[in-house]
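Report on one structure; see the data block that follows.
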Number of protein chains: 2
Amino acid sequence: MTRDASRPSRPASPTFSPLYRQIKDFLIRSLEQGEWGPGDAIPSEGELAVRFSVSQGTVRKAIDEMAAENLLVRRQGKGTFVATHSDPRSFYRFLRLVPDNGKAMPTVSDPFYCESIAATPEVAAALGLKAGDRVLLVKRLLRFDGEPVVFDEIYLAADLFDGLTLERLRGGDRSLYSLFESDFGVRMINAEEHLRAVAADAQSAELLGVGSGDPLLLVERTAYTYGNKPVEWRRGLYCTRHHYYRNDLG
Amino acid sequence: MTRDASRPSRPASPTFSPLYRQIKDFLIRSLEQGEWGPGDAIPSEGELAVRFSVSQGTVRKAIDEMAAENLLVRRQGKGTFVATHSDPRSFYRFLRLVPDNGKAMPTVSDPFYCESIAATPEVAAALGLKAGDRVLLVKRLLRFDGEPVVFDEIYLAADLFDGLTLERLRGGDRSLYSLFESDFGVRMINAEEHLRAVAADAQSAELLGVGSGDPLLLVERTAYTYGNKPVEWRRGLYCTRHHYYRNDLG
DNA sequence: GAGTGGTCTAGACCACCAC
DNA sequence: TGGTGGTCTAGACCACTCG
């Protein structure tokens, strides 16, 4: 890694970062550039140590942090793998809705609208675009055990999701993020949600089978890919009659 | 630590846990028993290594995990300290409400009720008590910049908070958890929240200055101390007209 | 048995902090 | 100046997985 030849010496540069940090950054850049795809194994710790001319412990620390951030998944005896939304273990990783009776219910996504529109100022700001830029708007219902529970309006930067159509969305029973990942090479890394209580408008009430004016949970989500780049903004209305939004505070 | 004298050998016991795990467990038990109080420094890594007859790296791994779980706080050059709710850095650590305009507002807790009551089945279940056991009920308003935003009903296991009165609650401008920690030796470690959208009842509407039937964010929280023991359950109604509940998804 | 991640050691030096 | 956490090394052995 970037370091002068006389090993034990340290650059006193103001932008100094430790070796394991440089390795981590390198690995993240490699993921960004698709060096290894979702689900693939990355090289073993030993091999990376040789490649970077550092000890295995240093590589380990870099990978440890990335595993803690859900970028990589370690599997003892097998290797270290690039995290993927296609893995059942993290299928609806960002969905915090839980039925009151605890049972894990079959979740079905039912998209019914997909068009290219001009970004509103609100959407443009969230996605780092200019107002009027093209974005894709997807509308869908999420059903738990048949019952409609979430109405989502999903905005996507059009240039990243070129060719996305309602047909492709309605294809398999994968999660949206799984499809984005495999078909468009866009991997959602983390997200931030803003929650509010609002009164149902006529359309949402109709779709969710509640009365107009009934309280709904409004969930606005911005989702980020590598480099904290926002690539999705969604506005979801959750019916919380028989479900709740679960959050663990550390 | 528990391990036979012939060092390199490993007990093949079915309940084997690695050395750093045993050290971590020991440290947690020490915290539980008040060996070191909130804000205190724990012994240095070197000293603990000697005490447990392990290398510093092993102690380090134990402490690393505890720091990641917010049980300890590392400060380079100074030492490792027991986390505390009295520290400004984690004053309202569990409060996720944020004003729309981003400004950090002065948050004021205004308790107006504190009585001992018999636990309802719901409260008893949450706190691991029997229905009818004594619990303390505290009601309070939370104001942001003078404006009432949260109405909390807080239930506490009576035996742990003996002597808690409205006067003591109204004392300083510390957070509740800071007071629980210093006055009753009960430290909140983590919590789980269940969120729903509900319609305001008459009392809540009055207190929060909204219309009866207006949508409010219902936040039910169970808070745990060491050993995942539930010690508080609260029902909060959040007015989300000018504030939102912020959640980061990893 | 070969390869991978998981644990552990003993020792080195650096960066930060307080006195 | 001495003590603390932060980084890094070189090497050992263990536990798990798979062919």
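If you're wondering where the values come from, they're calculated on a predicted model, not measured in any experiment. Throughout, a chain's letter reflects where its sequence line sits, starting with A, and its residues are numbered from 1. As a basis for the values below, the full set of heavy atoms in this structure was taken, side chains included, without hydrogen atoms, waters or symmetry mates.
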Is there a side-chain contact between [X] and the phosphate of [N], meaning an N or O under 4.0 Å from OP1 or OP2?
{"X": "Thr80(B)", "N": "dG5(D)", "result": "yes"}
{"X": "Lys61(A)", "N": "dT7(D)", "result": "yes"}
{"X": "Arg75(B)", "N": "dT4(D)", "result": "no"}
{"X": "Thr58(A)", "N": "dT9(D)", "result": "yes"}

Nearest whole Å is fine: how far is [N] [atom2] from [X] [atom1]?
{"X": "Leu72(A)", "N": "dT4(C)", "atom1": "CG", "atom2": "P", "value": "16 Å"}
{"X": "Asp64(A)", "N": "dG6(D)", "atom1": "CG", "atom2": "C1'", "value": "15 Å"}
{"X": "Lys24(B)", "N": "dT7(C)", "atom1": "NZ", "atom2": "P", "value": "11 Å"}
{"X": "Tyr20(B)", "N": "dT9(C)", "atom1": "OH", "atom2": "C1'", "value": "16 Å"}
{"X": "Gln56(A)", "N": "dT7(D)", "atom1": "CD", "atom2": "C1'", "value": "16 Å"}
{"X": "Arg21(A)", "N": "dC8(D)", "atom1": "CZ", "atom2": "P", "value": "12 Å"}
{"X": "Leu19(B)", "N": "dA10(C)", "atom1": "CG", "atom2": "C1'", "value": "15 Å"}
{"X": "Arg60(A)", "N": "dT4(C)", "atom1": "CZ", "atom2": "P", "value": "14 Å"}

Salt bridge between Asp145(B) and Arg143(B), side-chain N to carboxylate O under 4.0 Å?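 No.
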
Picking from [options], which would you name as closest to the side chain of [X]?
{"X": "Arg74(B)", "options": "dG6(D), dT9(D), dG6(C)", "result": "dG6(D)"}
{"X": "Gln76(A)", "options": "dA10(D), dG6(C), dT7(D)", "result": "dG6(C)"}
{"X": "Lys78(B)", "options": "dA18(C), dA10(D), dC8(C)", "result": "dA18(C)"}

Review item, side-chain donor-acceptor pairs of residues 25-38 of chain B, under 3.5 Å, at least two apart:
from     : atom 1 : to       : atom 2 : distance (Å)
Asp25(B) : OD1    : Arg21(B) : NH1    : 2.6
Ser30(B) : OG     : Phe26(B) : O      : 3.0

Donor-acceptor contact below 3.5 Å, side chain Thr240(B) vs main chain His243(B):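 It does not hold such a pair.
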
What's the shortest heavy-atom distance between Leu48(A) and Pro43(A), and which atoms?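 Scanning both residues, the minimum pair turns out to be CD1-O, 3.6 Å.
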
Can you spot which of Arg235(A), Arg221(A), Arg140(A) makes a side chain to side chain donor-acceptor pair (under 3.5 Å) with Asp152(A)?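 Among the candidates, only Arg140(A) passes.
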
For DNA chain C, please output the secondary structure as dot-bracket, reading 5' to 3'. Pairs are Watson-Crick or G-U wobble, both atom distances under 3.5 Å; mark crossing pairs with [ ], other-strand partners with |, unpaired with a dot. ||||||||||||||||||.

Is Arg234(A) positioned over the aromatic face of Tyr155(A), cation under 6.0 angstrom from the ring centre and no more than 45 degrees off axis?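 Not flagged: Arg234(A) not positioned over aromatic ring of Tyr155(A).
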
Scan residues 36-46 of chain A against DNA chain C and write down, sorted by residue number, each residue with any heavy atom closer than 4.0 Å; if none is found, say none.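 Under 4.0 Å from DNA chain C: Ser44(A), Glu45(A).
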
Just by distance, no angles: are the side chains of Ser109(A) and Arg174(A) close enough, under 3.5 Å, to form a donor-acceptor pair?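 No pair is found: no donor N or O on one side chain lies under 3.5 Å from an acceptor on the other.
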
Tell me whether the count of non-hydrogen atoms from other residues, nucleotides or ligands lying under 6.0 Å of CG in Asp162(A) goes above 12.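 Open.
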
May I ask you to decide if the ring planes of Phe180(B) and Tyr177(B) are parallel, tilted or perpendicular, using 30° and 60° as cut-offs?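 Ring orientation, 0 to 90° scale: tilted.
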
Students often mix this up, so state it plainly: with edges at 30° and 60°, are the rings of Tyr238(A) and Tyr245(A) parallel, tilted or perpendicular?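 Ring orientation, 0 to 90° scale: tilted.
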
